[in-house]
Every structure is written in C-alpha cells, then in structure tokens.
Amino acid sequence: MTLASTTTSTRIASRRDGPAAAVDVLIVGAGPTGLTLAVALAGSGLRTVVIDRQTEGANTSRAAVVHARTLEVLEPLGVTASLTARGLKAKRFALRDGDRVLMPIAFDTLPTRYPYTLMLSQAETEAVLLQKLHALGGEVLRPRSLAHLTQYDTCVTATLDDGSRLQARYVVGADGMHSKVRELAGIAFDGGTYGESFMLADVRLSGGGVPSDEVALYVSPAGMAVLAPLPGGLHRVVAVVDDAPEQPSAGYVESLLRARGPQADPARVEQVVWGTRFRVHHRIARSYRRGNVLLAGDAAHVHSPAGGQGMNVGILDAVTLAEALKRAMAGDTDALDAYGAQRRPIAQQVVALADRLTRVATVPPGWRLLRNLVVTALSKLPRVRRQLAWRLSGLVYR
Ligand SMILES: Cc1cc2nc3c(=O)[nH]c(=O)nc-3n(C[C@H](O)[C@H](O)[C@H](O)COP(=O)(O)OP(=O)(O)OC[C@H]3O[C@@H](n4cnc5c(N)ncnc54)[C@H](O)[C@@H]3O)c2cc1C
C-alpha cells in the first residue's frame, strides 16, 4: 500500500511486513485544521503524512464564516486570493431584535487588507486548501482511520483500522470534536453541552427585509437566529430550538424566521438547499500536548457557533503549530509547549465570547426588555463596538 506525504513517498507497513516507516509528522484529520497544517508544512523539508477516515468531499458545509485574521495568516500560504475570489464579503455584523439594530459592528473600518467577514461554505474552504496541498505535491490518504497510538520517548506508532502501522516523530490530532487522538492520548476535554439543539439550513430566500451584506444575530423571545448571506444568492440560517428536526423543511425555516427575523418585510423560504441539526458543546482540552502527541482545532476546543469562530481558531492553531513543529524538529522542543501556552488561552477567550453571545441571545422572555436596554446602551460606546469588531475578526490575536 503506497503512502504519499507532502514531501516524500513512503509506506505504511502492516504488522506482518515488519518495522513501520518513519515520518516526521502524522496529521490525523483533513478538515480545515489538518489541511492548513499540511499546507504550512509542505516545502519545509519535514516528511508529513495526512490521513482522514472519510472519502474526499464528505465533510458538510458547516462553517460559513472566514474572518479577517484568518485571511491574513493564510496569505503567506498562497490560499487567501482563491478564498476571497470565491466568497461573499459581508461588511457588518449586527445584533438585531426584529428589524431594530441593537448593536451594529462594522468591519469595514478595521485596519486590515480584509475589512470584512468572508462568507464561504466550509466545503469550499477545504477544497481550496486541498488544491493548494496538491499543488505543493502533497495528498490526503483516504479513507484511513486512526485506531491506536503507542507513545515512545522519541516517536509515536500509529495503528490504523486496517491494521497497518506508521511510526511518526510527532502525531497531530486535527480529528475534530470526537478526537480519537485526544482520547488515545488520555487528554481530558473539560466543559459541557448546551441544553438546546441548533437547526442549520442553507436556503434561497425572498423578501426585502433580508440583509444582503450583513451577518445578523437576531435575538427574540422565541430564541436566537443567525441570518447570513452566502455566495450564489443563498442565506445561512442557524437557530436555537428545543428539538430541531433532522431535515428542516422550507415551512419550518420560514416560520422560525417569521418569529425571529425581519418583521416589516418577512423572509420567504423558496428552497432549502441543505439542512441539519446539531448540539453545541463548550469544551477545551486540558492540555494541547502529551509527549509527542499534539492537538489542534476542534480536537482541542469546541463552542457555540455564535460569532463564527470555530474553524477560524483551528486554522490559526495550525499555522502556529506548523512553526512550532519546524522549530522542534530543529532541536527547540520548548516550542511545542509554547504552542499550547499561546493557543489555549486564546481558545478560552473564544469559548467565553461565544458563550456570552449565546447567553445574551437566549435570555428568558422576562429578561428581554432589560437585555435590549443594556445592549443598546453598550452599543452607544464606540469602544465596545470596536472591541467586538476586533474580537470577532480575530485581529485582536495578531
Ligand atoms: C453546524 C455547524 C456550523 C458551524 N459554523 C461555523 C462558522 O460559521 N464559523 C466557524 O468558524 N466555525 C463553524 N463551525 C465549526 C467548524 O465547523 C469547526 O470548528 C471546524 O470544522 C473544525 O475543523 P477541524 O479541522 O478542527 O475539524 P473537523 O472539520 O471536524 O475535521 C476533522 C477531520 O478528522 C477526520 N477524522 C476524525 N476521526 C478520525 C480518525 N480516527 N482517523 C482519521 N481521520 C479522522 C474527520 O473525517 C474530519 O475530516 C460550525 C460547526 C457546526 C457543526
């Protein structure tokens, strides 16, 4: 079985075949985090292998928001221009109660080459990253699923579900929320789960009250709803509900938007292109490293999609980790602990911000008037609006 890496070709030896081949970095998971790491390591001289348990293109749309800081850090990797060419540029984020804007957050005054939030489906973002990886001579081995890890002082042996083994100097768990790498490394994932479920739908809408260049977070007695434009004339709707249907119908999404979204000129749902439901967790790995095993992306942190941060934080983890791995391979092993020391507090801040936004959006009906008064008063303070813009765009983490 031939196993290609970003810099070399090698083999996974089955148990029967004898000793396993050695590589520098095994990346488990080819979502946005793993792909970014692979692209950032390509050309560095490190022998890197990427595996994913899914066949190509099986990941769903999920993240639709790419923030300014993410576009900045992807620029040296040669990915940003392709992303911006495909995406839709939303210049504002607004907290709304029906048609009333409680807090407008402007991105177009931010000091960056990317003064907007780029709306693009995660599938497209992954396709652009994968294309870049291929252009650099790398590839993802699919479907290959990690089953077991054995740690030694100077390396890790990874066993895949087909029984084949690969010996790597370092293994990176970029394998998402239910990370097998995290589990096998015995790293706790502290936090909890929100009680409500979330409905997500990519829809084709009509109705004049629908903002076309704004990501809107609607707060209402019925619960929160996010309404954001996507390329191709679509909109993303995310709503917190008691019990979301497995496949939301057009009528279901429309009734949610009528209760929570634009009021004077309500949205009509012409078509549901894709829909799903999910539960939201807020958890952080107790450590980003155990021995020669490291975590990045959703494997290390998960939180509410309010603020659209998850994929963005994972991509930034990956870029930082790539530099740490290069330094570690050059003999600076402190670099790996420095990676966790730098990125974990940022994940804590992001989880806290997403939690605050979720709680503000889901206050019980009796608190709604007070909530609106407080948010409106805060929105009058330019400093508050500026801080939120810096946090949401990720520029605060420069
Ligand atoms: C409904 C929804 C909406 C969201 N909206 C946003 C948003 O607007 N903005 C935002 O920034 N974030 C959003 N997120 C979060 C975002 O999708 C995640 O943060 C992002 O996908 C994390 O990327 P990742 O690469 O770390 O993990 P993942 O995307 O989960 O990728 C992990 C990969 O690892 C593979 N894998 C898993 N186990 C194994 C194994 N044992 N062996 C081999 N491979 C394995 C999987 O097949 C997968 O390809 C949303 C999430 C959801 C669920």
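Counting starts at 1 for both ligands and their atoms, following the listed order.
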Test Asp24 against every option in Arg169, Arg47, Lys326 by the side chain to side chain donor-acceptor pair (under 3.5 Å) rule and name the one that passes.
-> Arg47
Which option, Val226, Thr33, Val66, owns the non-hydrogen atom nearest atom 24 (P) of ligand 1?
-> Thr33
Over all heavy atoms of both residues, which pair between Leu294 and Val181 is shortest? Give the atoms and the distance, please.
-> O-CG1, 4.5 Å
Subset of ligand 1 atoms that lie under 4.0 Å from at least one heavy atom of Gly310 | 10 (C), 11 (O), 12 (N), 19 (O)
Count the heavy atoms of every other residue, nucleotide or ligand shown that sit under 6.0 Å from CD of Glu246, and state whether that count exceeds 12.
-> no
So, are Arg92 and Asp213 salt-bridged, with charged N and O less than 4.0 Å apart?
-> yes
If we only count N/O pairs under 3.5 Å, is Leu146 in contact with ligand 1?
-> yes
Looking only at heavy atoms of Gly308, does any of them come nearer than 4.0 Å to an atom of ligand 1?
-> yes
Under 4.0 Å from ligand 1, counting heavy atoms only, is it the side chain of Val28, its backbone, both or neither?
-> side chain
Is there at least one pair of N or O atoms, one from Asp52 and one from ligand 1, spaced under 3.5 Å apart?
-> yes
Answer yes or no: are there more than 12 heavy-atom neighbours, outside Arg398 itself, under 6.0 Å from its atom CZ?
-> yes
Does atom NE2 of His178 have more than 12 heavy-atom neighbours from other groups under 6.0 Å away?
-> no
Distance-minimising heavy-atom pair for Asn312 and His67 = OD1-N, 2.8 Å
Those atoms of ligand 1 less than 4.0 Å from some heavy atom in Gly29 | 33 (C), 34 (O), 35 (C)
Among Leu120, Asp298, Thr55, which residue places a heavy atom closest to atom 18 (C) of ligand 1?
-> Asp298
Would you say the side chains of Gln349 and Arg391 form a donor-acceptor pair under 3.5 Å?
-> yes
Between Arg343 and Tyr288, is NZ or CZ placed under 6.0 angstrom from the six-membered ring centre and within 45° of the ring axis?
-> no
Subset of ligand 1 atoms that lie under 4.0 Å from at least one heavy atom of Arg144 = 42 (N), 43 (C)
Only heavy atoms count here, so choose which of Glu56, Arg53, Arg62 is nearest to atom 28 (P) of ligand 1.
-> Arg62
Counting heavy atoms only, which of Pro32, Ser145, Gly173 is nearest atom 23 (O) of ligand 1?
-> Pro32
Which atoms of ligand 1 have any heavy atom of Phe278 under 4.0 Å away?
-> 1 (C), 2 (C)
Between Gln309 and ligand 1, find which residue part has any heavy-atom pair under 4.0 Å and reply side chain, backbone, both or neither.
-> backbone
Go through Asp355 and Tyr194 one step at a time and tell me if the side chain to side chain donor-acceptor pair (under 3.5 Å) criterion holds.
-> CA-CA 10 Å; Asp355 188 56; Tyr194 295 104; 2.4 Å; yes
So is Met311 polar-close to ligand 1, meaning N/O to N/O under 3.5 Å?
-> yes
For Asn312, the ligand 1 atoms with a heavy-atom partner under 4.0 Å come out as 11 (O)
Which of the atoms of ligand 1 are close to Gln122, meaning less than 4.0 Å from one of its heavy atoms?
-> 16 (C), 17 (O), 20 (C), 21 (O), 29 (O)
Near Ala174 (heavy-atom distance under 4.0 Å), the atoms of ligand 1 are 32 (C), 33 (C), 34 (O)
Side-chain heavy atoms under 4.5 angstrom apart, residues restricted to Ile, Leu, Val, Met, Phe, Trp, Tyr: same cluster for Leu71 and Val39?
-> yes
In terms of side-chain geometry, is the basic nitrogen of Glu323 or Arg327 positioned less than 4.0 Å from the acidic oxygen of its partner?
-> no
With only distance considered, is Ala64 within less than 3.5 Å of ligand 1 through an N or O on each side?
-> yes
For Lys180, the ligand 1 atoms whose distance to one of its heavy atoms is below 4.0 Å | 41 (N)
